[in-house]
**Student:** 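I have a structure I would like to understand better, so I am pasting it below and will then ask my questions one at a time.
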Protein chains: 2
Amino acid sequence: MTTNLTEPRTCSVARTLEIVGEKWALLAVREVFLGNRRFDEMVRKTGAPRDTMTARLKTLVAAGVLERQPVSAHPPRFEYRLTQAGLDLYPVIISLMQWGDRYLTNGEPTPMVLTHSCGHTLGAVTTCSSCGDPILARDVRPTPRREKDNDL
Amino acid sequence: MTTNLTEPRTCSVARTLEIVGEKWALLAVREVFLGNRRFDEMVRKTGAPRDTMTARLKTLVAAGVLERQPVSAHPPRFEYRLTQAGLDLYPVIISLMQWGDRYLTNGEPTPMVLTHSCGHTLGAVTTCSSCGDPILARDVRPTPRREKDNDL
DNA sequence: ACCAGTAAGTCCGATAACTGGACGTACAGG
DNA sequence: CCTGTACGTCCAGTTATCGGACTTACTGGT
């Protein structure tokens with residue numbers, strides 16, 4: 001019973017996907033990054049069913065990715081804003097977008113251009129925080145850690 | 001009819017998620033990155049229903065993310081391998097993992113440690129390919145592009 | 001030859017999730 | 001009073017996912 005690297009693997013990718021992996025969740029987050037913080041806008045820009053959008057926003061708020069704030073009391077109006085955790089999802093959005101730009105544009109121009117404050121069109125490179133080099137899968141060695149099984 | 005920035009927004013994030021956004025898809029890819037290239041292994045390590053795994057692998061192969069290769073003809077056995085497009089999903093996996101490590105570990109150690117070839121534990125930073133600075137959402141200005149609508 | 005085991009799926013009935021649209025409520029503006 | 005907008009909820013129909021049993025094709029032992 002010592003080879004207990006649990007069988008459905010415990011993994012941060014899986015945990016993250018439990019929150020942002022449901023349909024429409026990341027598109028809602030994308031819209032907030034693009035400045036569309038209101039329910040109806042998100043519905044329109046993503047194409048998600050209102051019902052589903054409601055459910056996703058609830059999950060995202062509960063998970064601490066978004067905050068729901070009233071912006072007007074008297075026509076009761078709300079905004080969804082990114083928390084720090086939400087802002088930290090930017091690399092996820094960017095890398096998904098980058099991949100789509102690379103492999104799914106079918107020769108046509110990319111649907112959206114991002115301009116970085118340095119003045120150039122944004123290209124994202126995921127780098128190692130220690131050495132600064134771009135991260136390639138073959139340069140990374142994974143070591144699963146034992147579950148804290150109650151072995152005193 | 002000129003304000004045609006299409007209503008369900010055309011977007012590379014959405015396009016990418018159509019391929020890798022279904023349940024279990026990215027976990028299957030994760031397993032291949034971890035070296036588990038066989039059907040049964042992926043089922044065991046992810047916990048996905050066999051049925052669903054079959055469907056996901058078909059989609060991923062059709063999309064050019066994975067390749068299904070026979071590794072033995074006579075007990076008929078197969079391996080799923082990453083194509084270049086698949087390898088380029090590494091930043092997506094890494095950034096999802098990093099977020100989970102940061103926000104979903106509940107004080108406990110991270111379930112997996114990645115060691116970079118530089119000798120240090122991997123921390124990923126998404127940087128601008130032009131200036132090298134870490135990318136923050138507030139430093140990026142998005143410009144949607146007009147659909148190629150058949151004007152003129 | 002027979003039995004057990006493994007790999008890679010397929011098949012199935014039950015449950016859960018998503019879908020599109022109608023509807024409700026609360027207000028503003030004319 | 002009537003229209004319009006924002007933010008949802010509700011519902012019935014469709015689709016997806018679930019877990020487990022089953023199939024096919026072998027290998028290796030006894």
Side-chain angles (χ1 to χ4, degrees), chain A residues 3 6-9 13-15 17-32 34-63 66-81, chain B residues 3 6-9 13-14 17-32 34-63 65-81:
Chain A
T3 326
T6 52
E7 211 44 332
R9 189 197 291 285
V13 178
R15 286 176 182 167
L17 288 174
E18 269 173 46
I19 294 170
V20 300
E22 289 174 297
K23 201 165 183 185
W24 305 112
L26 279 173
L27 295 186
V29 173
R30 173 201 71 186
E31 282 311 312
V32 183
L34 292 174
N36 298 317
R37 304 185 252 265
R38 309 283 290 271
F39 183 85
D40 268 26
E41 260 174 329
M42 295 190 219
V43 166
R44 274 198 303 275
K45 295 280 174 54
T46 60
R50 312 176 69 76
D51 225 10
T52 309
M53 184 57 77
T54 302
R56 287 312 160 265
L57 290 174
K58 270 184 181 136
T59 308
L60 292 169
V61 168
L66 298 177
E67 272 173 356
R68 181 174 179 270
Q69 295 181 347
V71 286
S72 146
H74 252 280
R77 292 296 123 91
F78 302 92
E79 265 187 13
Y80 292 87
R81 303 191 135 266
Chain B
T3 325
T6 51
E7 210 45 334
R9 189 198 290 286
V13 177
L17 288 174
E18 268 172 48
I19 294 169
V20 300
E22 288 175 298
K23 201 163 183 186
W24 305 113
L26 279 173
L27 294 186
V29 173
R30 173 200 72 186
E31 282 312 312
V32 183
L34 292 173
N36 297 316
R37 304 185 253 265
R38 310 284 289 270
F39 183 85
D40 268 26
E41 261 174 328
M42 296 190 218
V43 166
R44 274 198 304 274
K45 295 278 175 54
T46 61
R50 312 176 69 76
D51 226 8
T52 309
M53 184 57 77
T54 302
R56 287 310 160 267
L57 290 174
K58 270 186 182 135
T59 307
L60 291 170
V61 168
V65 170
L66 299 177
E67 272 172 357
R68 181 173 180 270
Q69 293 180 350
V71 287
S72 147
H74 252 281
R77 291 298 123 93
F78 303 90
E79 267 187 9
Y80 292 87
R81 305 191 134 266

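Each chain gets a letter, A, B and so on, in the order the sequences are listed, and its residues count up from 1. Note that the coordinates shown come from a computational prediction; the quantities given were computed from them, not determined experimentally.
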**Student:** Please check the phosphate of dC18(D) (OP1 and OP2 only) for any side-chain N or O of W24(B) closer than 4.0 Å.
**Tutor:**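 Answer is yes, contact under 4.0 Å.
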
**Student:** Using side-chain heavy atoms (C-beta onward) and a distance below 4.5 Å, is L27(A) in contact with M42(A)?
**Tutor:**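 They are not in contact (no side-chain heavy atoms under 4.5 Å apart), so the answer is no.
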
**Student:** What is the distance, to the nearest angstrom, from the CZ atom on R44(A) to the P atom on dG20(C)?
**Tutor:**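 About 16 Å, once rounded to whole Å.
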
**Student:** For D40(A) and dG4(D), give me the distance from atom CG to atom C1', rounded to whole Å.
**Tutor:**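 In whole Å, dG4(D) C1' lies 12 Å from D40(A) CG.
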
**Student:** For a 4.5 angstrom cut-off between non-hydrogen side-chain atoms, does L34(B) reach K45(B)?
**Tutor:**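 Not touching, per the 4.5 Å side-chain cut-off.
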
**Student:** Assign a letter to each nucleotide of nucleotides 23-30 of chain D from its 5' end: B, base within under 4.0 Å of a protein heavy atom; S, sugar-phosphate only; -, no contact.
**Tutor:** --BSS---

**Student:** Determine: side-chain N/O of K23(B) to OP1/OP2 of dA17(C), distance under 4.0 Å, yes or no.
**Tutor:**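 Answer no for this pair, as no side-chain N or O of K23(B) is under 4.0 Å from OP1 or OP2.
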
**Student:** CE of M42(B) versus P of dA8(C): gap in Å, rounded?
**Tutor:**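 About 9 Å, once rounded to whole Å.
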
**Student:** Rounding to a whole Å, what distance do you find between L17(B):CG and dC18(C):P?
**Tutor:**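 Answer to the nearest Å: 14 Å.
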
**Student:** Can you tell me the distance, in whole Å, between the CZ atom of R38(B) and the P atom of dT6(C)?
**Tutor:**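 Rounding to the nearest Å, CZ of R38(B) and P of dT6(C) are 13 Å apart.
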
**Student:** Do the non-hydrogen side-chain atoms of R30(B) and L17(A) ever get within less than 4.5 Å of each other?
**Tutor:**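 Result no, sub-4.5 Å side-chain heavy-atom pair not found.
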
**Student:** For R44(B), which residues count as a salt bridge (Lys or Arg N to Asp or Glu O under 4.0 Å) partner, sequence neighbours excluded?
**Tutor:**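 Listed in chain order: E7(A).
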
**Student:** State which residues pass side-chain contact (heavy atoms from CB on, under 4.5 Å) with E67(B); sequence neighbours excluded, sorted by chain then number.
**Tutor:**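 For E67(B), the residues satisfying side-chain contact (heavy atoms from CB on, under 4.5 Å) (neighbours in sequence not counted) are Q69(B), T83(B).
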
**Student:** Expressed in angstrom and rounded to an integer, what is the separation of Q69(B) atom CD from dA8(C) atom C1'?
**Tutor:**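 That distance rounds to 16 Å.
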
**Student:** Please report the distance, rounded to the nearest Å, between CD in E22(B) and P in dC18(D).
**Tutor:**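 From E22(B) CD to dC18(D) P: 12 Å.
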
**Student:** What residues form a salt bridge (Lys or Arg N to Asp or Glu O under 4.0 Å) with R37(B), not counting sequence neighbours?
**Tutor:**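 Partners of R37(B) by the salt bridge (Lys or Arg N to Asp or Glu O under 4.0 Å) criterion, ordered by chain and then number, come out as E79(B).
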
**Student:** Starting at atom CD of E18(B), determine the distance to atom P of dA16(D), rounded to an integer number of angstrom.
**Tutor:**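 Whole-Å distance recorded here is 13 Å.
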
**Student:** Less than 4.0 angstrom between a side-chain N/O of Y80(A) and OP1 or OP2 of dA6(D), yes or no?
**Tutor:**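 Result: no.
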
**Student:** Where along residues 49-59 of chain A does a heavy atom come under 4.0 Å from DNA chain D, residue by residue in number order?
**Tutor:**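 Listed by number, they are R50(A), D51(A), T54(A), K58(A).
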
**Student:** Quick one: is R68(B) getting a side-chain N or O under 4.0 Å of the dG9(C) phosphate, OP1 or OP2?
**Tutor:**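 Indeed, a polar side-chain atom of R68(B) lies that close.
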
**Student:** Check salt bridge (Lys or Arg N to Asp or Glu O under 4.0 Å) between R77(A) and all other residues, then give those that pass, not counting sequence neighbours.
**Tutor:**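 With sequence neighbours excluded, R77(A) shows a salt bridge (Lys or Arg N to Asp or Glu O under 4.0 Å) to no residue whatsoever.
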
**Student:** Side-chain donor-acceptor pairs under 3.5 Å in residues 52-63 of chain B, sequence neighbours left out?
**Tutor:**
residue, atom, partner, partner atom, Å
T54(B), OG1, R50(B), O, 2.9
R56(B), NE, K23(B), O, 2.8
T59(B), OG1, A55(B), O, 3.1

**Student:** Could you work out, with side-chain hydrogen bond (donor to acceptor under 3.5 Å, both in side chains) as the rule, every residue matching R38(B), not counting sequence neighbours?
**Tutor:**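 Once residues adjacent in sequence are excluded, R38(B) has no partner under the side-chain hydrogen bond (donor to acceptor under 3.5 Å, both in side chains) criterion.
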
